[in-house]
Amino acid sequence: MPRSWWARIRKNPGRPGSGWSVFALGLLLLATGLSGCHSEPRADFAIFNGNEPETIDPQTLTGQPDGRIAASLFEGLTRFNPTNARAQPGLAHSWTLSPDGRTYTFHLRTNLTWSTGEPIRAEDFVWSWQRAIDPKTGADYAGQLFYVKNGEAINTNGVTDVKQLGIRALDPFTVQVEVTQPTPFFLELIASRIFTVVPRWHVEKYGENWIRHGPVPCSGAFQLVDWRVNDRVRVRKNPRYWDAANVDLETVDFRSGDNANAALNIYLTGGVDCIIDKTAMPVDLLDELLKRPDVQKFPYLATYFLRFNTTKAPYSDPRVRQAICLVVDKARITARTTRAGEIPTDTLTPPGTGGYQPPAGLTRNVARARELLAAAGYPEGKGFPVIEYTYNVGTKLHEQVAIELKETLAAELGLRLELHPMEWGPYLREMNALNFDMIRGSWVGDYEYPNTFLDLFTSNNGNNRTGWKNPEYDRLLGEAAATVDTAARFELLRRAETLLIHDEVPILCLHHYVGVFAFDRTKWTGIFPNLIDEHPVNAIHRLTGAKPVAGGEARR
Amino acid sequence: MNFVLRRLIQVPLVALLVASLCFFLMHILPGSPFDRERAGPAAAKAAVEARYHLDKPLPVQYLYWLSDVVRGDLGPSLKYRNHSVNDILAQTLPVSFTLGWLAFGVALGVGVPLGAWAALRPGSWGDWCAAFLVLLGVCVPSFIVGPLLILIFSLKLGWFPAALWGGVSNAVLPVTALGLFFAARVARLAREGITETLRSEFIMAVRAKGAGEFRVLTRHAFRTGLLPVVSYCGPMLADLLTGSFVIETVFQIPGTGTFFINAFNNKDYTMIVGITLLYAVLLLSLNLIVDLAYAWLDPRVRHD
């Protein structure tokens with residue numbers, strides 16, 4: 001029967017209701033579907049950039065992937081040296097600093113134009129910085145302009161006139177900036193996104209979404225071509241950029257996506273030339289990947305730590321906090337769990353940040369921990385409440401760290417840790433509301449100077465989130481800020497950090513992060529490891545006819 | 001006709017009701033979409049919240065939202081601040097539609113013939129093989145099938161790209177991974193439907209009247225036996241067209257599914273409510289079409 005059925009259905013296709021017609025319909029769908037696929041030529045250089053950018057407006061963005069794109073489109077008075085991330089002349093060719101260290105005078109290049117041809121003048125900088133500090137703009141990073149005179153007062157609505165901000169145009173090619181106190185890292189600070197110059201007339205014409213109305217006048221090495229959500233942002237070389245002669249790439253794609261395995265697959269099959277974001281590397285494979293010649297890790301200005309809720313007993317007792325800090329085996333966590341070569345640490349500030357060496361913290365000492373816990377009234381952990389440890393889900397890493405902590409605290413001190421995994425939003429909310437016993441935290445430095453870490457734990461800092469308020473700590477940081485001499489300043493900062501990580505320990509520091517990137521070093525150059533993970537795209541060059549450098553050909 | 005008209009009016013009303021419910025449910029969740037790990041100045045957060053009317057009482061926010069929606073504007077995305085929800089949907093829906101459409105083709109193109117083939121030889125080894133394949137297809141989730149296909153056909157053999165969206169070659173692996181899962185379900189439904197029908201009395205009657213075997217199958221058995229497949233087509237198509245989160249994530253495809261899921265974590269109210277509204281309209285419309293197709297295929301369910 002079946003054979004004859006087939007034979008006959010072949011002769012009479014297309015009858016309504018027959019299996020054949022449904023099959024034909026399927027083929028039709030296939031054909032119409034395929035017409036929706038289009039391929040396009042690849043950019044000169046494609047970067048896997050991490051998460052989809054929230055915004056690429058340099059003054060309101062916060063994310064690192066967002067910042068990389070914005071940095072290719074907009075430039076400030078200074079820009080980052082690609083090798084060490086120190087400031088080098090950007091749109092300003094030179095500058096002078098007054099003897100009291102409070103007034104900078106920047107001299108702009110005279111040949112500056114926007115990518116659309118209009119001239120860039122000192123007034124544009126004044127307006128851009130005023131836009132950044134104006135509370136109506138809603139810039140999350142406005143705090144970076146608090147170093148500029150009146151910045152904080154304007155942003156917190158104490159002063160309503162943004163013209164009071166300490167930046168002035170002396171003439172079309174001279175910008176004068178007053179800072180509140182001598183700020184040794186100021187030139188690096190103003191190389192970051194929020195200080196870049198944006199086109200006033202374009203922003204005023206299109207409002208908040210000006211970046212989506214092309215052609216966008218750009219001040220950086222590239223101009224925006226188009227932006228396909230959750231796919232890629234394409235930029236093209238800006239021929240009017242002052243340093244265009246040294247920009248090698250004609251087009252660049254910033255690919256976005258949040259799946260590290262997919263990112264690696266795309267890289268391995270040649271879909272992108274470079275993975276630049278650490279989140280785009282699969283954590284489980286990191287130790288294996290790091291053996292490849294095209295994958296490189298480097299120290300990164302960021303620290304993984306845990307916060308104690310110091311407003312809640314028994315964590316209000318420094319001896320309890322110290323005891324917990326003293327038993328955690330940080331080297332074991334980095335070796336077994338994080339596995340990318342992170343540096344175990346007892347300090348908040350990574351060693352060598354801006355030349356600063358942090359003081360000694362609490363090194364592992366289980367016997368001393370037991371004594372302290374007993375002294376606090378909990379010999380062998382008896383009577384100690386269950387510790388609620390909160391962390392955010394999304395990466396397995398935090399859970400693995402939590403399990404390590406749980407095991408260690410149970411084994412060494414007889415304490416019970418209860419895990420509270422949370423989604424990102426609730427996690428932030430619990431942290432801000434001090435609704436935890438211990439909570440996971442981390443901090444990425446914005447500029448290479450110890451203050452980017454130490455300022456967090458002043459009494460009124462919005463990111464303190466431990467309830468710890470220490471007048472002596474605040475006083476030491478204040479005194480350091482007013483000290484011009486670097487050695488004396490660092491000594492004051494060291495005394496403050498000793499309070500933070502040795503005496504009072506409102507936080508438990510675990511390790512300093514490492515950055516990781518991947519690209520074929522026989523084909524490309526211009527991406528260098530540096531502490532703040534800053535890799536300007538304008539510095540990336542194709543190596544033509546170059547012999548393979550040390551490390552040899554990267555395996556596919 | 002009356003029935004069709006009534007159903008057509010129902011679609012937007014029910015969809016709006018669903019979206020409104022979603023709107024209020026989302027706002028009951030505590031927290032703000034602008035909470036960040038590093039707290040910015042309070043003024044910044046307040047300014048942004050005011051821009052999106054989040055500082056107003058909930059009923060007022062609802063009226064703002066409603067007045068935009070009836071004009072076809074789903075509002076700005078609160079997470080992707082340079083894009084409106086309309087803009088994101090305009091970019092991502094064609095991708096999800098293409099992917100879903102192709103997978104729908106695979107599901108029917110593979111599922112129906114496989115099911116019919118098995119139904120015509122019940123109890124044979126061929127039927128068992130088909131049943132095994134179907135079971136495999138239903139049980140192995142796409143987040144395993146996807147990476148497996150990538151490993152074999154991209155990383156090892158180098159035949160197709162491992163991920164991303166663009167040319168036809170990009171579509172092969174994700175469409176296969178997505179389509180096979182649904183093909184298995186379709187095959188199962190088709191086999192059961194046809195087997196059942198072949199055993200029914202009216203088929204016996206048709207045969208008794210002397211109809212040829214071909215006519216029995218095509219005009220009667222398939223037409224009735226495929227009804228379960230047809231009714232499954234509505235939800236399946238809605239499911240496929242709105243984007244598969246897993247497949248889009250595994251293959252890094254810029255479709256709508258990823259945005260829908262991530263919007264919950266991001267508390268991107270406008271995005272969630274907008275996509276919910278869209279899904280509701282799509283599901284209701286497809287169900288309507290399925291009901292009409294039913295009426296056409298099965299004389300017993302004719303409506304006025």
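The figures here come from the full heavy-atom set of this structure, side chains too, leaving out hydrogens, waters and symmetry mates. Numbers restart at 1 for each chain; the letters A, B, ... are given by sequence-line order, proteins then strands.
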Give the minimum heavy-atom separation between [X] and [Y], together with the two atoms involved.
X: Ile266(A); Y: Ala163(B); value: CG1-CB, 3.5 Å
X: Ala47(B); Y: Pro135(A); value: CB-O, 3.0 Å
X: Ala142(A); Y: Pro41(B); value: CB-CG, 4.1 Å
X: Ile88(B); Y: Val229(A); value: CG1-CG1, 4.2 Å

- Heavy-atom pair count under 4.5 Å with chain B, highest-scoring of Asp231(A), Asn463(A), Thr55(A), Asn265(A):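 Option with the greatest count: Asn463(A).
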
- When heavy-atom pairs shorter than 4.5 Å are enumerated against chain B, which of Tyr427(A), Trp443(A), Trp424(A) gives the highest number?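 Winner by heavy-atom pair count: Trp443(A).
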
Side chain / backbone / both / neither for [X] at chain A, heavy atoms under 4.5 Å:
X: Lys267(B); value: neither
X: Asp87(B); value: side chain
X: Phe259(B); value: side chain
X: Pro161(B); value: neither
X: Thr258(B); value: side chain

- Message: Just verifying a value: how many Å separate Leu61(A) CG and Asn82(B) CG, rounded to the nearest 0.5 Å?
- Response: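 Interatomic distance, Leu61(A) CG to Asn82(B) CG, rounded to 0.5 Å: 9.5 Å.
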
Chain B contact via [X] - side chain, backbone, both or neither, heavy atoms under 4.5 Å:
X: Asp134(A); answer: neither
X: Pro53(A); answer: backbone
X: Tyr206(A); answer: neither
X: Ser442(A); answer: both
X: Trp227(A); answer: both
X: Arg228(A); answer: both
X: Glu52(A); answer: both
X: Arg232(A); answer: neither
X: Asn51(A); answer: neither

Do you know which of [options] has the most heavy-atom pairs with chain A at a distance under 4.5 angstrom?
options: Val95(B), Thr92(B), Val250(B); value: Val250(B)
options: Ala107(B), Ala162(B), Ser84(B); value: Ala162(B)
options: Val48(B), Leu151(B), Thr249(B), Asn262(B); value: Thr249(B)

- Task: Taking Arg51(B) for its side chain and Thr137(A) for its backbone only, find out whether a donor-acceptor pair lies under 3.5 Å.
- Result: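 At least one qualifying donor-acceptor pair exists.
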
- Item | Residue pairs passing the salt bridge (charged side-chain N to carboxylate O under 4.0 Å, His left out) test where at least one lies in residues 148-164 of chain B, sequence neighbours excluded |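 The answer is none; no pair qualifies.
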
